[in-house]
Student: 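Following this message is one structure expressed as structure tokens.
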Protein chains: 2
Amino acid sequence: MKMTYTIEQLKDYLKKHDIKPSTIRIKVLEYLLNNRIHPTADDIYQYLINEIPTLSKTSIYNTLDLFLEKGVVSTLSLKEKELRYDINTYLHGHFKCEVCGKVYDFPVTYKILDVNESKEFTIKSIDINAYGICKKCNEKINKEEK
Amino acid sequence: MKMTYTIEQLKDYLKKHDIKPSTIRIKVLEYLLNNRIHPTADDIYQYLINEIPTLSKTSIYNTLDLFLEKGVVSTLSLKEKELRYDINTYLHGHFKCEVCGKVYDFPVTYKILDVNESKEFTIKSIDINAYGICKKCNEKINKEEK
DNA sequence: AATAAAATTGAAATTAATACAAAATTAAAT
DNA sequence: ATTTAATTTTGTATTAATTTCAATTTTATT
Ligand SMILES: [Mn+2]
Ligand SMILES: [Mn+2]
Ligand SMILES: [Zn+2]
Ligand SMILES: [Zn+2]
């Protein structure tokens, strides 16, 4: 993991979101900022257990629930059992490759928000989740076929 | 539940989707066609257990998995534990009211498919899920406030 | 240093979904 | 019609992500 943020920066990030900085919270935030792979709670746990041997899974859930409440993360409910977490809370779409399992971001134009014109609902958030095959996997498949 | 379909119609519906009609499959299909509320497997089970006292939950899962495989239903992965099923497999968006919990359909313009222009992914399906407050709940809240 | 508040842990409970073999039903073959 | 094979349904056990919650540890306050 690239070390891109100083402890002070991470602490400020949390404070700005009305979260008291603790060791675990800083580590989880650092992981999320440096690993933008839409990790699951377990992904985060498996990585951090190396750094904090006494770490419990519950602490990861506690931290992520708090982050969610304070708007530090958003969740991705893709068609899989585990919930994923995203440190990027700005409007953007997600694409899951059904071959390699990776989840990619893609830009979403404001056109999509035309939906919001509807008088029926007050929309607070929108998720746009696409499924298919990514470029890399497509190329691999084409190679094998020829 | 309004009886809108004859047994023969239900059988044909299944046959057209390459599914052998059985009692349970017909009943599940009938439920899905007459109750367009995006039910969970348990919703379907709780209703049908009254009609088929020997019914098992596994049969509901088996049936829904088969329906999914044959394209009779699509699934909704909203930010909740249970998966929901939709007999409407045409492109449309979903709105979940965070107050009453109901899931509504809304039309999706083809604009959204501009996303598909991307050279990075081959998109096979798109889910558009919105969250917020529905009209009914909004009105109720406004009344209480005044 | 003593006390209170907050954060973390660990074990147990919950629960949607899955696995799978046995039983029951339906279809095909004799 | 009876036997045999194929399919469907059931029931039990298992899995695994998440939740609950009381006990412990850490941090902040007096
Ligand atoms: Mn993202
Ligand atoms: Mn729908
Ligand atoms: Zn891929
Ligand atoms: Zn509502």
Side-chain angles (χ1 to χ4, degrees), chain A residues 7 10-11 14-15 17-31 38-70 72-86 101 103, chain B residues 7 10-11 14-15 17-31 38-70 72-86 101 103:
Chain A
I7 306 263
L10 295 166
K11 276 188 183 174
L14 291 174
K15 280 180 196 159
H17 286 86
D18 192 30
I19 294 170
K20 289 186 194 162
S22 71
T23 314
I24 290 175
R25 288 168 187 169
I26 291 167
K27 287 282 184 195
V28 170
L29 177 65
E30 186 182 35
Y31 180 89
H38 312 94
T40 64
D42 194 61
D43 289 336
I44 301 169
Y45 175 78
Q46 293 304 333
Y47 181 83
L48 291 185
I49 188 69
N50 296 312
E51 302 198 10
I52 312 164
T54 60
L55 184 66
S56 81
K57 209 83 166 279
T58 307
S59 296
I60 300 295
Y61 281 112
N62 287 343
T63 303
L64 291 171
D65 286 350
L66 180 66
F67 281 12
L68 190 60
E69 187 196 320
K70 299 296 189 183
V72 170
V73 294
S74 61
T75 55
L76 300 201
S77 203
L78 305 180
K79 283 171 179 168
E80 51 195 14
K81 313 179 205 176
E82 290 168 275
L83 207 60
R84 291 169 180 264
Y85 295 84
D86 196 343
V103 177
Chain B
I7 307 260
L10 296 166
K11 277 188 183 174
L14 291 174
K15 280 179 196 159
H17 285 86
D18 192 30
I19 293 170
K20 289 186 193 164
S22 71
T23 312
I24 290 175
R25 288 169 188 168
I26 291 167
K27 288 281 183 195
V28 171
L29 177 65
E30 186 182 35
Y31 180 90
H38 312 93
T40 63
D42 194 60
D43 290 335
I44 301 169
Y45 175 77
Q46 293 304 335
Y47 181 83
L48 290 185
I49 188 67
N50 296 314
E51 302 198 9
I52 312 164
T54 59
L55 184 66
S56 80
K57 210 82 166 280
T58 309
S59 296
I60 300 295
Y61 282 113
N62 287 344
T63 303
L64 291 171
D65 287 349
L66 181 65
F67 282 10
L68 190 60
E69 187 196 321
K70 299 295 189 183
V72 170
V73 294
S74 60
T75 55
L76 301 201
S77 202
L78 304 180
K79 283 170 179 171
E80 52 195 13
K81 314 181 205 171
E82 288 167 277
L83 209 58
R84 291 169 181 264
Y85 294 85
D86 197 343
V103 177

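Here is the naming used below: chain letters follow the sequence lines, and residue numbers restart at 1 for every chain.
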Student: Which nucleotide in the set D/dT8, C/dT9, C/dA7 lies at the smallest distance from any side-chain heavy atom of A/Ser22?
Tutor: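 Taking heavy atoms from C-beta onward, the closest nucleotide is C/dA7.
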Student: I need the CG-C1' distance between A/Asn62 and D/dA23, as an integer number of Å.
Tutor: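 For the pair A/Asn62 CG and D/dA23 C1', the rounded distance is 14 Å.
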Student: Roughly, in whole Å, what's the span from CG in A/Leu83 to P in C/dA16?
Tutor: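 Spelled out: CG on A/Leu83 to P on C/dA16 is 16 Å.
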Student: Rounded off to whole Å, could you give me the CG-to-C1' distance for the A/Leu64 and D/dT19 pair?
Tutor: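 Interatomic distance, CG of A/Leu64 to C1' of D/dT19: 14 Å.
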Student: Return the minimal non-hydrogen interatomic distance between B/His38 and B/Arg84, and the atom names on each side.
Tutor: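 Minimum heavy-atom contact is O-NH1, 3.0 Å.
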Student: Atom CD1 of A/Ile60 and atom C1' of D/dT19: how far apart are they, to the nearest Å?
Tutor: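 Rounded to whole Å, this separation is 15 Å.
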Student: Does A/Ser56 have a side-chain nitrogen or oxygen under 4.0 Å from the phosphate oxygens OP1 or OP2 of C/dT8?
Tutor: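 Negative; the distance criterion is not met.
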Student: Has the side chain of A/Lys11 got a donor or acceptor atom that lies under 3.5 Å from a matching backbone atom of A/Ile26?
Tutor: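 Pair absent, no side-chain N/O of A/Lys11 close to backbone of A/Ile26.
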Student: State which of D/dT18, C/dT8, C/dC20 makes the closest approach to the side chain of A/Ser59.
Tutor: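 Side chain of A/Ser59 sits closest to C/dT8.
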Student: If you find the nucleotide of DNA chain C closest to A/Thr54 and the one closest to B/Asp42, which residue's nucleotide is nearer the 5' end?
Tutor: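 In this pair, the answer is A/Thr54.
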Student: May I ask you to check whether B/Asp43 and B/Thr40 show a side-chain donor-acceptor distance below 3.5 Å?
Tutor: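 Judged by distance alone, the side chains do pair up.
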Student: How many Å lie between CD on A/Glu80 and P on D/dA17, as a whole number?
Tutor: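 Result: 11 Å.
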Student: Base, sugar-phosphate or nothing for B/Thr40? Non-hydrogen atoms, less than 4.0 Å.
Tutor: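 Since no nucleic acid heavy atom lies under 4.0 Å of B/Thr40, the category is nothing.
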Student: May I have the distance from B/Ile24 (atom CD1) to D/dG11 (atom P), rounded to whole angstrom?
Tutor: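 After rounding, the reported distance stands at 10 Å.
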Student: Of the nucleotides C/dT9, C/dA17, D/dT9, which one has an atom closest to the side chain of B/Tyr61?
Tutor: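 Nearest to the side-chain atoms of B/Tyr61, counting from C-beta on, is C/dA17.
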Student: Here's a test of your reading of the structure: between B/Lys81 and B/Leu55, which maps to the more 5' nucleotide of DNA chain D?
Tutor: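 The answer here is B/Leu55.
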Student: Rounded off to whole Å, could you give me the CZ-to-P distance for the B/Arg84 and C/dA17 pair?
Tutor: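 So the CZ-P distance, B/Arg84 to C/dA17, works out to 11 Å.
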Student: Which part of the nucleic acid, if any, lies within reach of B/Lys20 when heavy atoms closer than 4.0 Å are counted: base, sugar-phosphate only, or nothing?
Tutor: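 Sugar-phosphate contact only - B/Lys20 comes under 4.0 Å of backbone atoms but never of a base.
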Student: What's the CD-C1' distance between A/Glu82 and C/dT15, to the nearest Å?
Tutor: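 Nearest whole value for this atom pair: 16 Å.
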Student: CD1 of A/Ile52 to OH of A/Tyr47: how many Å apart, nearest 0.5 Å?
Tutor: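 Going from CD1 on A/Ile52 over to OH on A/Tyr47, the span is 10.5 Å.
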Student: When you measure from the side chain of A/Ser77 to the backbone N and O of B/Leu78, does any donor-acceptor pair fall under 3.5 Å?
Tutor: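 Indeed, once roles are kept as given, a pair shorter than 3.5 Å links the two residues.
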